[in-house]
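Only one structure is covered here, and it is reproduced in the block below.
Lettering of chains follows the sequences in order, A, B, ..., and the numbering in each one begins at 1.
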Amino acid sequence: MEQFLLHLPLVFDWMNLLALLAGTVGGLFFGAMPGLSPTMAVALLVPITFYMPPATSLILLGAVYTSAVAGGSISAILLSIPGAPASIATLFDGHTMAKQGRAQEALYTTFVSSFIGGVFGVMVMILFSPPMAEFAMRFGPSELFWTAIFGITVITGLSSGAVLKGLFGGALGVLLSTVGYSTLTGEPRFVVHDALASGITMVPALIGFFAVPQIIDLMENSHILLEKLTFKPEKGMLRKVVMAHRKYLRTLAMGCGLGTLIGVVPGAGGNVAGIMVYDQARKLDKHPERFGTGDPEGVCASECANNATVAPAIIPLLTLSIPGSPTAAVLLGGLLIHGLFPGPDLFTEKAEVTYTFIAGLFLAQFTMLIFGLLASRYSHLVANAPNYMMFAAVMILCVFGSYCVQNSYEDVLVMFTLGVLMFVMGKFGFPSAPIVLGLILGPIAEENFLRGEMIAETNVGVFNYFFTGTLNIVLIALCVLSLAWGLYSEVKFARKMKAQAAAQAGE
Amino acid sequence: MYKELCSALIMTVIIILFAIPMTDLSGESREVPQLLIIAMSVINAGQYIQAVIKIAGRLDVRVTLAGYPGLRVGILFGLTVVYLMALQTVGFYISSLIYFFVTSLLAQPMKITPVLAARRFVVCLLCIGFLYGLFTVSLKVQIPLSPLGI
């Protein structure tokens, strides 16, 4: 906390402040546009931050992340299209409210709840990141290897109905990370073209995996003109919404608590938190039937939870290099291009950058609230942006983002090729997040596996080194549990589908 | 074609594409890719079993292109490929302007009139001009430029 307070004034440096404001506005803009996710927004901005000081760039990315998650609710409420996966649960009540002429109330509820969840998440980050980073110092190669494997298995466990594809994607991501000259042996691997000699550059790959499939989807729907929305602001609404939040204390507590917990778990994210808290809030309510009929408490549950995941998702990223969400995975690219490597060093040697970033993320909650409330009046203009303009605009940003990381045209081609392949795979149900996580965690897993093997061969043997010791056993148990959970969910999902098919056949 | 079966076939193709060049690798360089290929093969086998079970239980869905706007996506995708190919020769800003203008006109459902085209061109020009001002003038970002220096 002391370090946080010490570095808080640094955010008010004009460049950092500008990045904070630009990130907030940009994040709200990206979030509000249907089809543009927070992950994509951060992925597109990572290369641009290459030209900025590390703290400024991280403040920008953090502000975009937090605002895009909140901004995703704008299109969910106004258009019934979640601007971000985290806003799925918001549309249950939010869009109903909009149809009842209460769009302003829904939007204000969104930003106030997001602010509460976001601030809570950052406080948890401030309190728990340093001890967790200290704890991570106990990790040797075997523990780091298992941690990386846990990161990959846990995200696949959440790919409901596609666990095998998720696992395959995770392994494929790790395999893709081995492309290029091996850092340990210097031998070229899978270098089928000169462009791949230095491996697959992370940022173009991230842009390709997350943005290109969405662009092709936008091409598919480019001719669709959504109904134009209008918005009539009402006086005294903010006061009414703030007062109403006093009645939602239980829901807010649940949103903050569960959201934070889900945020820390690698792979889970705002979408899981939003739906889970919404569901719990409904189940625990005396009148669950009011949820889904345009109740602001439903919006509050979803939005508080999804924004509470943002900062906690960055905790395992900063301490163990395991991203808590796909967007946090992309944020890792932002750290790496500035030569910042996750781990205890970030909280000691690079404390200035790290704590300025955390302070920036804290202030981003305030700017998100202020700009969100102001933007609510004009949000329908962004939500009305037509698809026929969007896909080309995003494609241009993708090209720019991929090119300027290394000034390489080949990176643009790699981005596009991977994106097209992901689009095809996506049509068959392969999720992109496990591939990206595999690509990010692959080098950590391989390096520590080979290092551990070398240590083990001269010391206690491979089995004893990798499979004994409390931390190793705990991590292995977590990997097994996440796999078992994934398989259980798969069976449950299959049964549900079977029952639905049987019901349809009966009809 | 059944979706789950197609997925299993895609997995097989990916495994083969990596397994063939892997045979050229030696020692430590090969260790991790080999373990991954084995793991992926096991998952692939699981996917085949799942596909068979789903087909037998009539739970698998058929993948079809019926109703897919193939022509529209094909044209826009083709233009995107042309844009990427022209990027280095024509320069980022000029090629982006042409791409933005042409694709947005072709993709829209409204009838193209001279007034609409002129308006659209101005919008595209303003957007690309903003990018030029931000990236090239302010941030001095290196990006392929045309022989005209734009």
I'd like to check [X] versus [Y] (side-chain heavy atoms, cut-off strictly below 4.5 Å). Are they in contact?
{"X": "B:Thr103", "Y": "A:Tyr388", "answer": "no"}
{"X": "B:Thr80", "Y": "A:Met219", "answer": "yes"}
{"X": "A:Phe400", "Y": "B:Phe92", "answer": "yes"}
{"X": "B:Met11", "Y": "A:Met425", "answer": "no"}
{"X": "B:Ile37", "Y": "A:Leu175", "answer": "yes"}

Rounded at 0.5 Å granularity, tell me how far [atom1] in [X] sits from [atom2] in [Y].
{"X": "B:Ile49", "Y": "A:Leu164", "atom1": "CD1", "atom2": "CG", "result": "9.5 Å"}
{"X": "B:Arg30", "Y": "A:Thr178", "atom1": "CZ", "atom2": "OG1", "result": "13.0 Å"}
{"X": "B:Gln108", "Y": "A:Asn387", "atom1": "CD", "atom2": "CG", "result": "13.0 Å"}
{"X": "A:Lys165", "Y": "B:Gln50", "atom1": "NZ", "atom2": "CD", "result": "7.0 Å"}
{"X": "B:Leu36", "Y": "A:Ser177", "atom1": "CG", "atom2": "OG", "result": "8.0 Å"}

In terms of heavy-atom pairs under 4.5 Å with chain A, which of [options] leads?
{"options": "B:Cys6, B:Ala39, B:Pro144", "result": "B:Pro144"}
{"options": "B:Leu105, B:Leu87, B:Leu25, B:Ile20", "result": "B:Leu25"}
{"options": "B:Gly46, B:Ser26, B:Pro21, B:Cys127", "result": "B:Ser26"}

Relative to chain A, which segment of [X] carries a heavy atom at a distance below 4.5 Å: side chain, backbone, both, or neither?
{"X": "B:Leu131", "result": "side chain"}
{"X": "B:Ile128", "result": "side chain"}
{"X": "B:Val73", "result": "both"}
{"X": "B:Val123", "result": "side chain"}
{"X": "B:Leu17", "result": "neither"}
{"X": "B:Pro33", "result": "both"}
{"X": "B:Leu79", "result": "neither"}
{"X": "B:Ile10", "result": "side chain"}
{"X": "B:Leu76", "result": "both"}

- Query: Passes ring pair (Phe, Tyr, Trp, His ring centres under 6.0 Å), B:Phe18 versus A:Phe190? Steps please.
  - Reply: CA-CA 7 Å; B:Phe18 277 95; A:Phe190 310 112; 5.1 Å; yes

Please check if the number of heavy atoms outside [X] that lie under 6.0 Å from its [atom1] is greater than 12.
{"X": "B:Leu65", "atom1": "CG", "answer": "no"}
{"X": "B:Tyr68", "atom1": "OH", "answer": "yes"}
{"X": "B:Met85", "atom1": "CE", "answer": "no"}
{"X": "B:Arg72", "atom1": "CZ", "answer": "yes"}

With respect to chain B, which residue among [options] yields the maximal number of heavy-atom pairs within a distance under 4.5 Å?
{"options": "A:Phe430, A:Tyr409, A:Phe391", "result": "A:Tyr409"}
{"options": "A:Glu220, A:Met389, A:Glu446, A:Lys427", "result": "A:Glu220"}
{"options": "A:Ile215, A:Val412, A:Leu397, A:Val399", "result": "A:Val399"}

[X] versus [Y], closest heavy-atom pair with distance:
{"X": "A:Phe449", "Y": "B:Val32", "answer": "CD2-CG2, 3.8 Å"}
{"X": "B:Phe100", "Y": "A:Ala392", "answer": "CD1-CB, 3.6 Å"}
{"X": "B:Met40", "Y": "A:Ala171", "answer": "CG-CB, 3.5 Å"}

- Message: For B:Ile15 and A:Phe168: C-alpha separation, side-chain torsions, deciding distance, then whether side chain to side chain contact (heavy atoms under 4.5 Å, CB included) applies.
- Response: CA-CA 10 Å; B:Ile15 291 168; A:Phe168 187 87; 3.9 Å; yes

Side chain, backbone, both or neither: which part of [X] has an atom under 4.5 Å from a heavy atom of chain B?
{"X": "A:Met415", "value": "neither"}
{"X": "A:Phe423", "value": "side chain"}
{"X": "A:Val191", "value": "neither"}

- Query: Who passes side-chain hydrogen bond (donor to acceptor under 3.5 Å, both in side chains) against A:Arg495, sequence neighbours left out?
  - Reply: none

- Message: Less than 6.0 angstrom separating the ring centers of B:Tyr2 and A:Phe428, yes or no?
- Response: no

Measure from the side-chain N and O atoms of [X] to the backbone N and O of [Y], and report whether any donor-acceptor pair falls under 3.5 Å.
{"X": "A:Arg189", "Y": "B:Ser29", "result": "yes"}
{"X": "B:Ser96", "Y": "A:Ile396", "result": "no"}
{"X": "B:Tyr99", "Y": "A:Met395", "result": "no"}

- Query: Which residues in residues 114-122 of chain B have a heavy atom less than 4.5 Å from any heavy atom of chain A?
  - Reply: B:Arg120

